[in-house]
Amino acid sequence: MTQTENTPAVQDTPLVPIEDIVSLCKRRGFVYPNSEIYGGVAGIFDFGPLGVELRNNIRRYWWWSMVQLHDNVVGIEGSIITHPRVWEASGHVENFVDRLVECKKCKQRFRIDHLPPENLEQNKCPNCGGELLEPRTFNLLMETYLGVIEGERMKTYLRGEACQNIYLDYDNVQKSSRMQVPFGICQIGKAFRNEVTPRNFLFRQREFEQWDLQFFVHPSEMEKWFDYWKEFRFNWYQGIITHKDRMRLREHGPDELAHYAKKAFDIEYRTILGWQEWEGIHWRQDWDLSRHSEYSGEDLSYTDPLTKERYIPWIVETSGGVDRTFLNLLLDAYEVQPDPTGKDNPRTVLHLHPWLAPVKVAVLPLQKNKEELVKTAKGIHNNLKRFMVSQYDDIQNIGRRYRRQDEIGTPYCVTIDFQTLDDQTVTVRERDAMSQIRIHIDELMPYLLERVTWK
Ligand code: GAP
């Protein structure tokens, strides 16, 4: 999994303000605020036409690398609502809390673990210097109710972390798929948290999507598999970003560990928000299967078919966010380049990896009032679109059309001009270097597929 020759050799560019990405996302149809016509809901977003293409590509590439390429990994898709006991067993009802302080003067709220140490010590608001009130504790699980008749309704929760379904289905998957330890189960799905301070666009939301691998191992092999997945996941992210030096692995200190983890590393990415978690690699040990065995009364231990040893498998978890990946990739890819002619017409470009870019190719007839050009271009577009996302565009001059595609990260533009009608060749323009080559129409499909398809 390496980047193709087309992926950017971009110079180190300045860290991008989140607002620039918010604005691009709205303008070009990647992300919209949810319920905007009613004033919006903090921490909840909708994905537009380009956003959904990018998300699908990100998801599919993850699934391909994690499930399809690993013989000992399979996938599931679990439900969002589960039995309420799940969340007692998982420890979330008791431990999944944020401690919050409110400023007496400006009324702003802060998570205690996000407060600078000096503000905590002096009990001083980082915003206005006012006095901070007594901390309060909030559980992050989102409640919901099953049933319609008052008194018979059962309170339960929208899942606070997607991975719980994997533990619930572990025994069924192991038996029905005849998996033997070590093996893994993957899932991509929504999770819900009543974040007390949702902020920074897609970074901290109330409804978001996670991708998880839960890898079940013999306790004696925990260290080996923990290291394997830590390295695999780090390299996976490195393969799809441009600014490789903005990524690092950081081990959690003892006071940071989640209630289920004995050891953890974060894969972090540096943005304008500083170094922030992108994905967590957790040493969950036997916490999950032991707790679910205890709370459900079902024995979730595993018998080794060769040695007949019976034990509760230990778990390595890799848990990342689809939305955080989406945001980080945009922050990583976004660049505003000065106008080379010195005029005030900068080029905004998304250097997204061609595998992930929402639109792979744009097909552009040089002029829209020349019937032969339009007919040939539409023919090429109709052929390409069966294999990749292709956009046909004949509005405005060719320079403007290139700019529109650059701004959404389209790696290739194909131009059909008068020479095409003579010799059946087209111009292929590459987004990052803005280089152009002429190739025969018959060569176009393999040329593009080679570059936009992962393998
Ligand atoms: N099962 C383990 C678990 O849920 P986590 O660190 O709480 O661990 C995993 O979450 C990943 O989910 C994070 O690394 C982040 O990418 C994403 N994530 C967590 N909370 C999020 C939120 N409020 N908004 C967007 N993404 C979030």
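All residue numbers in this chain count up from 1 along the given sequence. Atoms within each ligand, like the ligands themselves, are counted from 1 in listed order.
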Checklist outcome for this item: Leu202 heavy atoms within 4.0 Å reach ligand 1 at atoms 25 (C)

Item to check | Subset of ligand 1 atoms that lie under 4.0 Å from at least one heavy atom of Cys163 | outcome: 1 (N)

Item to check | Identity and separation of the nearest protein heavy atom to atom 25 (C) of ligand 1 | outcome: Phe203 O, 3.2 Å

Item to check | For Arg246, all residues meeting salt bridge (Lys or Arg N to Asp or Glu O under 4.0 Å), sequence neighbours excluded | outcome: Asp12

Next on the checklist: Give me the nearest non-hydrogen protein atom to atom 8 (O) of ligand 1 as residue plus atom name, then the distance to 0.1 Å.
Outcome noted: Tyr260 OH, 3.4 Å

Next on the checklist: I'd like to check which ligand 1 atoms, numbered from 1 as shown, lie under 4.0 Å from a non-hydrogen atom of Glu161.
Outcome noted: 1 (N), 2 (C), 3 (C), 4 (O)

Checklist outcome for this item: Any heavy atom of Glu317 under 4.0 Å from ligand 1? The part involved is side chain

Item to check | Close-contact set for ligand 1 against Glu277 heavy atoms, below 4.0 Å | outcome: 6 (O), 13 (C), 14 (O)

Checklist entry - Which one holds for Glu195 and ligand 1: side chain close, backbone close, both close, or neither close, with close meaning a heavy atom under 4.0 Å? => result side chain

Item to check | With Tyr295 via side chain to side chain contact (heavy atoms under 4.5 Å, CB included) - residues at least two apart | outcome: Arg85, Glu88, Ala89, Arg291

Item to check | Sidechain N-carboxylate O distance under 4.0 Å for Arg310, Asp299 | outcome: yes

Checklist entry - What protein heavy atom is closest to atom 26 (N) of ligand 1, reported as residue, atom name and distance in Å? => result Phe208 CD1, 3.5 Å

Checklist outcome for this item: Between Gln164 and the options His292, Gln214, Gln187, the side chain to side chain donor-acceptor pair (under 3.5 Å) test singles out His292

Next on the checklist: Once you measure the plane-to-plane angle for Trp229 and His70, does it fall in the parallel (<30°), tilted (30-60°) or perpendicular (>60°) bin?
Outcome noted: tilted

Checklist entry - So, Glu161 and Arg193, do they make that salt bridge, N to O below 4.0 Å? => result no

Checklist entry - Can you find an N/O atom of Asp323 closer than 3.5 Å to an N/O atom of ligand 1? => result no

Checklist entry - Which part of Arg284 is near ligand 1, with near meaning a heavy atom under 4.0 Å away: side chain, backbone, both or neither? => result side chain

Checklist entry - What's the shortest distance from atom 11 (C) of ligand 1 to any protein heavy atom, and which residue and atom give it? => result Ser319 O, 3.6 Å

Checklist entry - Relative to each other, are the rings of Tyr61 and Trp64 parallel, tilted or perpendicular (30° and 60° limits)? => result parallel

Checklist entry - For Arg206, is the nearest heavy atom under 4.0 Å from an atom of ligand 1? => result no

Next on the checklist: Do Thr13 and His243 pair up side chain to side chain, a donor and an acceptor below 3.5 Å, judged on atom types alone?
Outcome noted: yes

Item to check | Heteroatom distance test (Gln210, ligand 1): nitrogen or oxygen, under 3.5 angstrom | outcome: yes

Checklist entry - Is ligand 1 under 4.0 Å from a heavy atom in the side chain of Phe201, in the backbone, in both, or in neither? => result neither

Checklist entry - What class does the angle between the rings of Trp211 and Tyr237 fall in, given that below 30° is parallel, 30 to 60° is tilted and above 60° is perpendicular? => result tilted

Checklist entry - Quick one: which ligand 1 atoms are inside 4.0 Å of a heavy atom on Arg204? => result 22 (C), 23 (N), 24 (N)

Next on the checklist: Can you tell whether the side chains of Lys124 and Glu118 come within less than 4.0 Å, N to carboxylate O?
Outcome noted: no

